[in-house]
Amino acid sequence: LTALHSSKPAASRLFDFLNQVTPSQVSISSFLVDFNTQQVTITGTSDSISSVNKYVDTLKFTKYTTDGGNSKKAFSNVVMTSFGISTAGSQNGQPATYTITMQYDPPLFDLTKKIALVVPTVTTTRATIDSPTDLFQPAPTTRKGN
């Protein structure tokens, strides 16, 4: 029985993990996890598609540490597989819907390991990181001689 107990997934960690990585503007209506394939599917609503993109970026850049202190990526293959935007008939004032699929690293739910998530606190979108300049700018003016 001890071997069976130590091999079961620490599913209760889901609640702690979700609270740490999910922005306040994003709601979850369905959360499916397959402990055999390490695949997660999250479906829900949000105030905007921009908030969903930030959620996806947060998941992509979230890491975890174990007792040994090594930091690893918590989730891989994070993909927004579907989304929708509605102006009329939105659910609870949330006009954006989404579905995200991803893989998790198996130690996240290993009952024998102590796990701590390291969630990024900065904006991780490329547009903000790279700080791009304006694409269109006025042409320089030249003076013509008399």
Side-chain angles (χ1 to χ4, degrees), residues 1-140:
L1 238 82
T2 304
L4 282 176
H5 177 68
S6 64
S7 67
K8 73 179 183 180
S12 62
R13 290 181 184 169
L14 282 173
F15 301 107
D16 291 333
F17 292 168
L18 287 175
N19 280 331
Q20 292 178 47
V21 298
T22 308
S24 60
Q25 305 87 354
V26 176
S27 299
I28 297 172
S29 57
S30 173
F31 187 91
L32 302 170
V33 61
D34 185 335
F35 291 110
N36 293 321
T37 62
Q38 291 84 38
Q39 182 161 339
V40 174
T41 303
I42 306 170
T43 303
T45 59
S46 178
D47 66 334
S48 68
I49 203 68
S50 176
S51 294
V52 177
N53 282 332
K54 287 178 186 175
Y55 188 27
V56 169
D57 284 347
T58 299
L59 292 168
K60 285 180 181 179
F61 293 104
T62 296
K63 295 184 177 190
Y64 72 93
T65 58
T66 57
D67 294 330
N70 292 334
S71 177
K72 292 184 176 181
K73 286 185 79 167
F75 309 106
S76 60
N77 301 323
V78 181
V79 177
M80 186 175 7
T81 54
S82 69
F83 68 92
I85 301 172
S86 172
T87 55
S90 61
Q91 222 174 331
N92 300 326
Q94 304 277 40
T97 60
Y98 69 90
T99 299
I100 300 169
T101 59
M102 62 187 161
Q103 299 290 129
Y104 69 84
D105 201 22
L108 281 177
F109 296 103
D110 186 340
L111 195 59
T112 63
K113 297 188 186 316
K114 185 176 179 182
I115 301 294
L117 286 185
V118 180
V119 181
T121 57
V122 296
T123 305
T124 54
T125 58
R126 286 187 52 81
T128 304
I129 292 173
D130 293 343
S131 298
T133 59
D134 291 336
L135 179 60
F136 295 101
Q137 297 187 13

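Values below: all heavy atoms of this structure, side chains included; hydrogens, waters and symmetry mates excluded.
- When the ring pair (Phe, Tyr, Trp, His ring centres under 6.0 Å) test is applied to Tyr104, the partners found at least two apart in sequence or on another chain are Phe109.
- Side-chain N or O atoms of Ser46 include none that pairs as donor or acceptor with a backbone N or O of Ile49 at under 3.5 Å.
- Note: Ile115 CD1 to Phe17 CZ = 6.5 Å, rounded to the nearest 0.5 Å.
- Taking CG of Asp105 as the reference point, atom CZ of Phe75 lies at 9.5 Å (rounded to 0.5 Å).
- For the atom pair CZ (Phe83) and CD1 (Ile100), the distance works out to 12.0 Å, reported to the nearest 0.5 Å.
- When all heavy atoms are compared, the tightest approach of Ala74 to Tyr64 is CA-CD2, 3.7 Å.
- Atom CG of Leu117 sits about 13.0 Å away from atom NZ of Lys63, to the nearest 0.5 Å.
- Note that NZ of Lys114 is 9.5 Å distant from OG1 of Thr65, once rounded to the nearest 0.5 Å.
- The two residues Thr81 and Thr101 come nearest to each other via the heavy atoms CG2-OG1, 3.2 Å.
- Scanning all heavy atoms of the two residues, the minimum distance from Tyr98 to Ser27 falls at OH-O, 2.9 Å.
- No donor-acceptor distance shorter than 3.5 angstrom exists from the side chain of Ser51 to the backbone of Val26, with no hydrogens or angles considered.
- Nearest heavy-atom pair, Lys60 versus Val78, reported as atom, atom and distance to 0.1 Å: CE-O, 3.4 Å.
- When every heavy atom of Leu108 is checked against every heavy atom of Arg13, the shortest pair comes out as O-NH1, 2.8 Å.
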For residues 36-44, dump all side-chain donor-acceptor pairs below 3.5 Å to protein atoms at least two apart in sequence or in another chain.
from, atom 1, to, atom 2, distance (Å)
Thr37, OG1, Asp34, OD2, 3.3
Gln38, NE2, Phe35, O, 3.4

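- Tyr55 and Leu18 make their closest contact through OH-CD2, 4.2 Å (heavy atoms, listed as atom of the first residue, atom of the second, distance).
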